[in-house]
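Please read all numbers here as calculations on a predicted model, not as lab measurements. Below, all heavy atoms of this structure are taken into account, side chains as well, without hydrogens, waters or symmetry copies.
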Amino acid sequence: SESQYDYEVYHSLEEIQSWMFEMNRTHSDLVNMFSVGKSYEGRALYVLQIGKRSRHQKKAVWIDCGVHAREWIGPAFCQWFVKEAINSYQYDSVTRRLLNQLNFYIMPVFNVDGYQFSWTTDRFWRKTRSKNHKFHCRGVDANRNWKVKWCEEGASSHPCDDTYCGPFPESEPEVKAVAKFLRKHKKRVKAYISIHAYAQMLLYPYSYKYASIPNFSCVESAAQSAVTALYSAYGVRYRYGPASTTLYVSSGSSIDWAYRNGIPYAFAFELRDTGYFGFLLPESLISPTCTETMRAVKAIASGLLKKC
Amino acid sequence: FLYNNRYSGDQVFRITPSEDDQVQELKRILGHYEVDLWQPNSAALICPNITVDVHVRRNDTRALHTHLKQERIDYRVFISNLQKQIEKQTGQRSSRKRR
């Protein structure tokens with residue numbers, strides 16, 4: 001049941017989806033579950049809309065987790081976010097204001113096929129699970145498959161590589177489904193956040209080139225507020241900046257696409273750690289990692305309610 | 001054991017090439033083995049003073065140690081037994097352990 005669900009352990013895809021159904025059932029005033037499409041292997045791509053129902057069109061924030069299958073702390077954070085948002089709505093004025101004035105679209109597991117494969121077979125699988133007719137290798141890097149400078153620098157055209165861009169942009173049904181949803185709602189979605197691991201960074205566009213975005217000062221200010229809020233929890237430092245210079249150049253990324261699609265604030269979080277556990281962040285660190293990241297995400301969302 | 005114990009003995013190396021020739025040598029060395037790059041995502045992104053985290057199969061760990069030492073490329077092993085670390089990631093409360 002919802003009250004017994006343990007947010008400090010990693011869950012299977014089945015458990016996560018059951019939990020989503022349960023949240024939808026028990027918190028219908030704040031939660032609405034829907035599907036944006038199906039994965040390559042036919043699994044539903046579920047999203048939770050979190051927010052107080054309103055007659056007015058509300059601005060929205062999109063958060064996806066688990067684009068890369070092996071980054072398990074991502075889905076753990078998405079679940080944590082939902083739990084915290086709902087549980088603190090009554091007593092926390094900031095949360096209440098955010099959920100009253102914004103809608104949050106939370107996709108706990110973007111790459112459902114990959115996550116299932118990572119859970120059961122290959123712990124370090126990264127890509128989707130789509131088949132390639134010419135090669136024996138499977139999968140596409142879902143963060144190289146978006147239609148923005150697709151398959152240029154920082155992506156690979158070889159199907160066996162972990163950064164394979166795919167046969168064409170949005171070839172992956174997961175990417176296509178989310179892109180379709182965001183295009184449909186582009187007027188309302190004001191922030192796009194994608195959760196990854198590991199590097200302890202907060203990244204914004206561009207990934208594909210060394211250049212500043214037009215609204216650099218607003219985005220940079222939001223990023224600074226976010227990492228400051230994050231640091232206030234446990235003193236953990238996150239670097240922040242354009243993805244191309246802070247991490248490395250990559251083309252076809254979701255944050256570049258979201259930004260090009262008109263979403264003014266597009267971020268990628270790279271959560272803990274920096275290389276003691278890597279992808280194997282212990283369950284004992286889920287709580288502090290998610291707590292600090294929650295503060296950062298709330299800071300970004302709060303910024304949307306102010307003019308910049 | 002999770003994953004049929006397939007990761008037993010596998011290691012994760014943290015390698016820091018300091019110069020261009022070490023970078024080229026490292027790319028050449030890694031090309032010999034079937035490795036899984038944790039960071040960066042691609043060997044093409046390896047450059048001087050970048051942190052390279054790489055998962056190496058059990059059978060290749062000794063040879064990679066030798067190779068890196070011969071080329072005097074700075075490295076350390078940050079996960080010495082990947083299977084053990086995978087088992088430790090999941091605590092007793094998880095359904096994986098209960099099964």
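Atom NZ of B:Lys27 has more than 12 neighbouring heavy atoms from other residues, nucleotides or ligands inside a 6.0 Å radius. Within 6.0 Å of NZ on A:Lys147 lie no more than 12 heavy atoms contributed by other residues, nucleotides or ligands. Counting heavy-atom neighbours within 6.0 Å of B:Arg6 CZ, excluding the residue itself, gives a total above 12.
Within residues 56-72 of chain B, no residue has any heavy atom less than 4.5 Å from a heavy atom of chain A. Of residues 35-47 of chain B, those residues lying under 4.5 Å from chain A by any heavy-atom pair are B:Asp36, B:Leu37, B:Trp38, B:Gln39, B:Pro40, B:Asn41, B:Ser42, B:Leu45.
Atom CD1 in A:Ile286 sits 7.5 Å away from atom CD in B:Gln89 (nearest 0.5 Å). Rounding to the nearest 0.5 Å places CG of B:Leu2 at 9.0 Å from CH2 of A:Trp119. Distance check, rounded to the nearest 0.5 Å: NE2 of B:His55 to CZ of A:Phe279 gives 11.5 Å.
For A:Ser284, no part lies near chain B; criterion is any non-hydrogen pair under 4.5 Å. Using a 4.5 Å cut-off between heavy atoms, A:Asp161 makes no contact with chain B at all. If you measure heavy-atom distances from A:Thr120 to chain B, the contacts under 4.5 Å come from the backbone alone. Of the atoms belonging to A:Glu153, not a single heavy atom falls under 4.5 Å from chain B. For A:Asp122, the parts lying under 4.5 angstrom from a heavy atom of chain B are both the backbone and the side chain. Contacts of A:Phe124 with chain B are made by both backbone and side-chain atoms, with heavy-atom separations under 4.5 Å.
B:Gln83 and A:Arg123 share no side-chain donor-acceptor pair at under 3.5 Å.
The aromatic ring centres of B:Phe78 and A:Phe277 sit 6.0 Å or more apart.
Between B:Ile86 and A:Leu280, the closest side-chain pair of non-hydrogen atoms falls below 4.5 Å.
Annotation: maximal heavy-atom pairing with chain B below 4.5 Å, among A:Gly275, A:Pro282, A:Gly278, occurs at A:Gly275.
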